[in-house]
K.L.:
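Below is the structure I would like to discuss, written out as structure tokens.
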Amino acid sequence: GLPSGRTSYRHLYEYEFELKELARKNPKLVKAFTLNHPSIEGRDVLGVEIATDVANIADGKPVNVTMGVHHAREWPASEHAIEWAYELVNGYQNDPAIKSLVGKTRNIIVPIVNVDGFSISREAEPKGDFSRFDYEMKRKNCKADDSPSQFRTGICKANPAGRERGIDPNRNYPTFWGGNGASPNWNSDTFRGSGPFSEPETRNIRDLVSKRQVTNLVTLHTYGNLILRPPGVAATRAPLDEPVLKALGDKMASRNGYRSIPSWGLYDTTGTTEDWSFWSTGGLGYTFEINTAGFHPTYQNAVVAEYTGTAPAAGAGKGGNRAAFLDMLGSAADP
Ligand code: 0X9
Ligand code: ZN
């Protein structure tokens with residue numbers, strides 16, 4: 001089973017409660033924090049930092065970031081992220097190898113970057129038909145400003161534009177912003193926004209990554225069983241660090257059975273998360289696309305099996321994302 005023992009998709013309030021509880025119960029090891037920018041609808045975005053003597057922030061240790069749910073409907077992404085937090089806390093107490101790795105690193109976990117979108121998707125009446133009013137399948141954030149005036153009124157949930165309103169947070173980062181694979185149209189599911197970092201979701205990650213020594217980063221999505229590395233655009237050509245990026249991507253893929261490729265191999269995208277973090281900081285960054293059965297299929301398959309490594313579709317390593325994340329942690333601890 002999972003490190004937390006969980007057997008069903010959490011709601012937003014459960015993420016908030018559990019992250020705070022982890023910190024309250026483990027005050028020297030876990031610190032809960034609120035990111036700089038509240039969401040458009042005023043929600044806090046929460047994360048935890050896990051490290052030995054967690055408050056001693058200037059200790060110079062490399063920072064390993066794991067985050068989920070840039071895209072609202074991709075519920076397994078936040079589940080894998082919060083389970084990783086439990087993995088580190090449990091492992092610190094019971095597993096000498098994990099204790100040693102945690103001791104050499106600082107681990108930041110933000111399960112839900114797009115809290116407004118997630119809340120709407122998670123609480124929607126199940127529909128699953130991708131229609132305009134299928135809030136379960138909402139992908140973007142809740143920004144109204146860029147839509148036509150008649151669609152600017154109302155809160156995100158049940159707004160007159162349906163789920164079409166909002167910006168794709170995974171097209172709003174500045175790296176290659178405005179290029180291929182992102183849309184200038186307000187109602188597109190890949191709408192890039194009015195400019196780089198126009199959204200609180202991306203500004204939160206900008207502030208987090210810019211202020212810390214982030215050497216390793218995983219941003220979690222669904223679906224496709226892929227480990228994607230920069231660059232997102234074929235025309236950019238491979239960075240000098242391609243052998244390093246490929247080696248760790250391939251190693252992690254040997255644990256979870258995913259396909260390890262440069263992200264342009266899926267399709268061209270611009271303004272994405274790890275393209276920005278990699279090209280602006282040099283830290284290693286990857287997108288995981290979890291499972292093959294859809295954006296949020298059964299919990300047992302997309303979360304329990306994919307995390308622990310018992311997924312029917314998992315490949316050679318059978319260690320699941322748990323083992324892949326441990327490789328990432330090992331790389332941060334001992335580059
Ligand atoms: O299109 C996306 O944002 C990602 N796929 S998803 O189905 N989760 O929406 C893939 C992004 C791939 N490109 C980079 N990560 N650079
Ligand atoms: Zn996604």
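Hydrogens, waters and symmetry mates play no part in the numbers below; they use all other heavy atoms, side chains included. Each ligand, and each atom within it, is numbered from 1 in the order the structure gives. Position 1 is the first residue of the sequence; numbering continues from there.
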K.L.:
Could an N or O of ligand 1 be found under 3.5 Å from any N or O of T222, whether backbone or side chain?
P.N.:
yes
K.L.:
So if I count the atoms of ligand 1 from 1 in the order they appear, which ones are less than 4.0 Å from some heavy atom of Y267?
P.N.:
1 (O), 2 (C), 4 (C), 5 (N), 10 (C)
K.L.:
As an exercise, state the distance from CG of L220 to CZ of F325, rounded to the nearest 0.5 Å.
P.N.:
4.5 Å
K.L.:
Evaluate the ring planes of W75 and H296, with Trp represented by its six-membered ring, and classify them as parallel (under 30°), tilted (30 to 60°) or perpendicular (over 60°).
P.N.:
parallel
K.L.:
Of E79, E14, E83, which is the lone residue that meets side chain to side chain donor-acceptor pair (under 3.5 Å) with R6?
P.N.:
E14
K.L.:
Report yes if some N/O of D275 lies less than 3.5 Å from some N/O of ligand 1; otherwise report no.
P.N.:
no
K.L.:
Taking only heavy atoms of H221 into account, list the atoms of ligand 1 that are under 4.0 Å away from them.
P.N.:
8 (N)
K.L.:
What is the ring orientation for H221 with H70, classed by angle as parallel under 30°, tilted 30 to 60°, or perpendicular over 60°?
P.N.:
parallel
K.L.:
Under 3.5 Å between any N/O of E74 and any N/O of ligand 1: does that happen in this structure?
P.N.:
yes
K.L.:
What atoms of ligand 1 come within less than 4.0 Å of a heavy atom belonging to S263?
P.N.:
13 (N), 14 (C), 16 (N)
K.L.:
Can you name the atoms of ligand 1, numbered from 1 with element, that are less than 4.0 Å from a heavy atom of T287?
P.N.:
15 (N)
K.L.:
Which residue owns the protein heavy atom closest to atom 10 (C) of ligand 1, what's the atom, and how far is it?
P.N.:
E289 OE2, 3.2 Å
K.L.:
Please say whether the positively charged group of R206, taken as NZ for Lys or CZ for Arg, lies over the ring of F197, i.e. under 6.0 angstrom from the six-membered ring centre and within 45 degrees of the axis.
P.N.:
yes
K.L.:
What atoms of ligand 1 come within less than 4.0 Å of a heavy atom belonging to N170?
P.N.:
2 (C), 3 (O), 11 (C)
K.L.:
With the side chain counted from C-beta on, respond yes when N64 and M328 share a heavy-atom pair under 4.5 Å apart, and no when they do not.
P.N.:
yes
K.L.:
Relative to the heavy atoms of E274, which atoms of ligand 1 are at a distance of less than 4.0 Å?
P.N.:
14 (C), 15 (N), 16 (N)
K.L.:
Counting from 1, what ligand 1 atoms have a heavy atom of L228 closer than 4.0 Å?
P.N.:
12 (C)
K.L.:
If the cut-off is 4.0 Å to any non-hydrogen atom of R139, which atoms of ligand 1 fall inside it?
P.N.:
1 (O), 2 (C), 3 (O), 6 (S), 9 (O)
K.L.:
Taking T272's backbone N and O only, do any of them form a donor-acceptor pair with N170's side chain (distance below 3.5 Å, no angle check)?
P.N.:
no
K.L.:
Would you mind telling me if ligand 1 is within reach of the side chain of H70, the backbone, both or neither, using heavy atoms under 4.0 Å?
P.N.:
neither
K.L.:
Between P200 and P38, which heavy-atom pair has the shortest distance, and what is it?
P.N.:
CB-O, 3.5 Å
K.L.:
Do other residues, nucleotides or ligands put more than 12 heavy atoms under 6.0 Å from R259 CZ?
P.N.:
no
K.L.:
With 2.8 Å as the limit, jot down which protein N, O or S atoms are around the Zn ion (ligand 2).
P.N.:
H71 ND1, E74 OE1, E74 OE2, H221 ND1
K.L.:
So, applying salt bridge (charged side-chain N to carboxylate O under 4.0 Å, His left out) with D189, which one of R73, K138, R165 is it?
P.N.:
R73
